Amino acid sequence: MSLKPYKRSRVAIVGMGAVGTTTGYTLLLRQRMSELVFIDVNVKKAKGEMLDMNHGLPFLGGVKVWAGDYEDCRDADIIIVTAGASQKPGETRIDLLKRNAEIFESIIDNIVKVNNHGILLIATNPVDILSYISWKRSGWPSSRVIGSGTLLDSARFRYLIGKEKGIDPRSIHAHIIGEHGDSELPVWSTANVAGTPLELGEETKNEIFENTKNAAYEIIDAKGATSYAIGLALDRIVAAILGDEGSVLNVSTLLEDYNGVSDVYLGVPSIVDHNGVREILDLPLNDEERARFIQSADKLKDQISKVHM
């Protein structure tokens, strides 16, 4: 049975690299929207991706796909931003952050010139900081500026737990929260299967978390970039928004007095619907988890302080 796109909905993707292209293809296959537009500084690349996907429409139908420019964001319900610079040899992450922050200033300014009603979905790394910068720059409500957060990290976590236990990962309930990066943390205190606490040894837990945290490094070393799983994660967020699902997803959102953390974007369980982040769920943390969560927030705040906004 074919999927039906949501009526009169447009998704724009800014940045047609590995993540943007894979996300676009995933959205197309699942027919999440009626209109899909690709935007990239490399206009020829965006056109090539558009043509390649359009040639598959006789097998799918139902979606209009084109390569456009920022003007095409005017009627977009969701603008997914995957554009950004890659780290150069000898360049620090802070240097990369500064370059991407400058790139994002131009991207966000171009978007908000023509759109004041949509939802910004940020995927470029460091995603939590760039989501915060996008929120500040856009002037939009924080509920409509969302980062992909730790949704993918939590999926990796659930996959590895399920693999260890021999259980479908969809039946594993477990969270990775905080930064989408090295300071993220597992919430073992609430991890469960159908309400039953997980029975895993400390060594196994540590191995699972380390493999979760380092998954991107392993993939990048092997194939150069991550693309498929993040594409599926972004597709999941788009589905929750356009379908007005009220789904609980670990997206990056602005926190205020959340487990001792304020004025920073971090990945936490949030209810996502057609308005964006409708509500942030108060995930109970034990003392150790709370301390690590605050450390994650402090790390990002320190990095944000080094960026001119």
Side-chain angles (χ1 to χ4, degrees), residues 6 9-15 19-20 23-24 26-27 32-33 36 39 73 76-84 100-101 104 107-108 111-112 115-155 175-181 184 229-256 258 261-283 296-297 300 304:
Y6 299 111
S9 53
R10 179 181 297 181
V11 174
I13 301 177
V14 180
V19 174
T23 300
T26 304
L27 293 170
R32 296 299 188 195
M33 65 281 114
L36 179 62
I39 302 167
C73 292
D77 299 279
I78 303 172
I79 303 103
I80 304 173
V81 184
T82 67
N100 273 336
F104 261 62
I107 291 172
I108 301 305
I111 291 170
V112 300
N115 189 312
N116 62 7
H117 69 274
I119 290 174
L120 278 169
L121 177 52
I122 310 300
T124 306
N125 284 318
V127 67
D128 305 289
I129 297 175
L130 291 177
S131 297
Y132 181 89
I133 289 172
S134 298
W135 165 63
K136 284 281 191 179
R137 190 79 182 178
S138 68
W140 290 6
S142 60
S143 61
R144 292 199 287 114
V145 182
I146 305 170
S148 53
T150 53
L151 183 59
L152 174 54
D153 310 85
S154 296
H175 300 280
I176 296 288
I177 63 171
E179 176 196 15
H180 172 60
E184 67 186 31
I230 183 59
L232 286 165
L234 293 169
D235 169 81
R236 183 67 193 88
I237 299 169
V238 169
I241 294 168
L242 294 182
D244 194 22
E245 292 180 352
S247 295
V248 177
L249 304 173
N250 284 24
V251 295
S252 187
T253 188
L254 182 68
L255 302 182
E256 293 297 341
Y258 184 92
V261 169
S262 295
D263 194 34
V264 68
Y265 266 66
L266 287 175
V268 294
S270 305
I271 300 174
V272 180
D273 62 15
H274 72 285
N275 291 314
V277 173
R278 187 180 82 201
E279 181 182 346
I280 300 170
L281 297 183
D282 189 12
L283 183 67
S296 184
L300 295 193
I304 289 170

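Remember, it's a predicted structure, so these values are computed and weren't measured experimentally.
With Asn115 contributing its side chain and Cys73 its backbone, the two residues share a donor-acceptor pair below 3.5 Å. Under the 3.5 Å distance criterion, the side-chain polar atoms of Thr82 are left unmatched by any main-chain donor or acceptor of Ala123. A donor-acceptor distance shorter than 3.5 angstrom exists from the side chain of Asp244 to the backbone of His274, with no hydrogens or angles considered.
Considering Leu120, Ile122, Leu254, Leu121 as possible partners of Ser131, the one that fulfils the side chain to side chain contact (heavy atoms under 4.5 Å, CB included) test is Ile122. Applying the side chain to side chain contact (heavy atoms under 4.5 Å, CB included) test between Ile237 and each of Leu242, Ile80, Leu249 identifies Leu249 as the sole match.
Ser296 has its side chain within reach of Leu266: a pair of non-hydrogen atoms, C-beta onward, lies under 4.5 Å apart. Taking the side chain as every heavy atom from C-beta outward, Ser9 and Ile78 never approach each other to under 4.5 Å. Between Leu283 and Val268 the shortest side-chain heavy-atom distance does not fall below 4.5 Å. Proximity of Asp263 to Glu256: side-chain heavy atoms (C-beta onward) are separated by under 4.5 Å at one or more points. Two residues are said to be in side-chain contact when any heavy atoms from C-beta on lie closer than 4.5 Å; Ile241 and Val272 meet this criterion.
Scanning for salt bridge (Lys or Arg N to Asp or Glu O under 4.0 Å) contacts around Asp273 gives Arg278, with sequence neighbours left out. For Thr253, there are no side-chain hydrogen bond (donor to acceptor under 3.5 Å, both in side chains) partners two or more places apart in sequence or in a different chain.
Taking CD1 of Ile111 as the start and CD1 of Ile107 as the end, the distance is 7.0 Å to the nearest 0.5 Å. The distance from atom CD1 of Ile108 to atom OG of Ser138, rounded to the nearest 0.5 Å, is 6.5 Å. In this structure, OG on Ser270 lies 6.5 Å from CG on Leu281, to the nearest 0.5 angstrom. Going from atom CG of Leu151 over to atom CD1 of Ile230 covers 7.5 Å, rounded to the nearest 0.5 Å.
In the model, Thr26 has no side-chain atom that pairs as donor or acceptor with a side-chain atom of Asp235 under 3.5 Å. Remark: the Ser252 side chain and the Asp128 side chain contain an N/O donor-acceptor pair separated by less than 3.5 Å.
Nearest heavy atoms, Ala297 versus Val264: CB-CG1, 4.1 Å. When all heavy atoms are compared, the tightest approach of Leu27 to Met33 is O-CE, 3.5 Å. Here the closest heavy-atom approach between residue Arg236 and residue Glu245 is recorded as NH1-OE1, 2.8 Å. Among all heavy-atom pairs drawn from Ala101 and Ile133, the shortest one is CB-CD1, 3.9 Å. Residue Ile119 comes nearest to Gly276 through the heavy atom pair CD1-N, 3.5 Å, listed as atom of the first residue, atom of the second, then distance. Closest approach of Thr124 and Ala83 over heavy atoms only: OG1-O, 2.6 Å.
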Considering only distance and modelled atom types, tabulate donor-acceptor pairs under 3.5 Å from the side chains of residues 140-150, sequence neighbours left out.
from   : atom 1 : to     : atom 2 : distance (Å)
Arg144 : NH1    : Gly118 : O      : 2.5
Arg144 : NH2    : Asn116 : O      : 3.2
Thr150 : OG1    : Ile176 : O      : 2.7

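Below 30°, between 30° and 60°, or above 60°: for Tyr132 and Tyr265 the angle between ring planes is above 60°, a perpendicular geometry.
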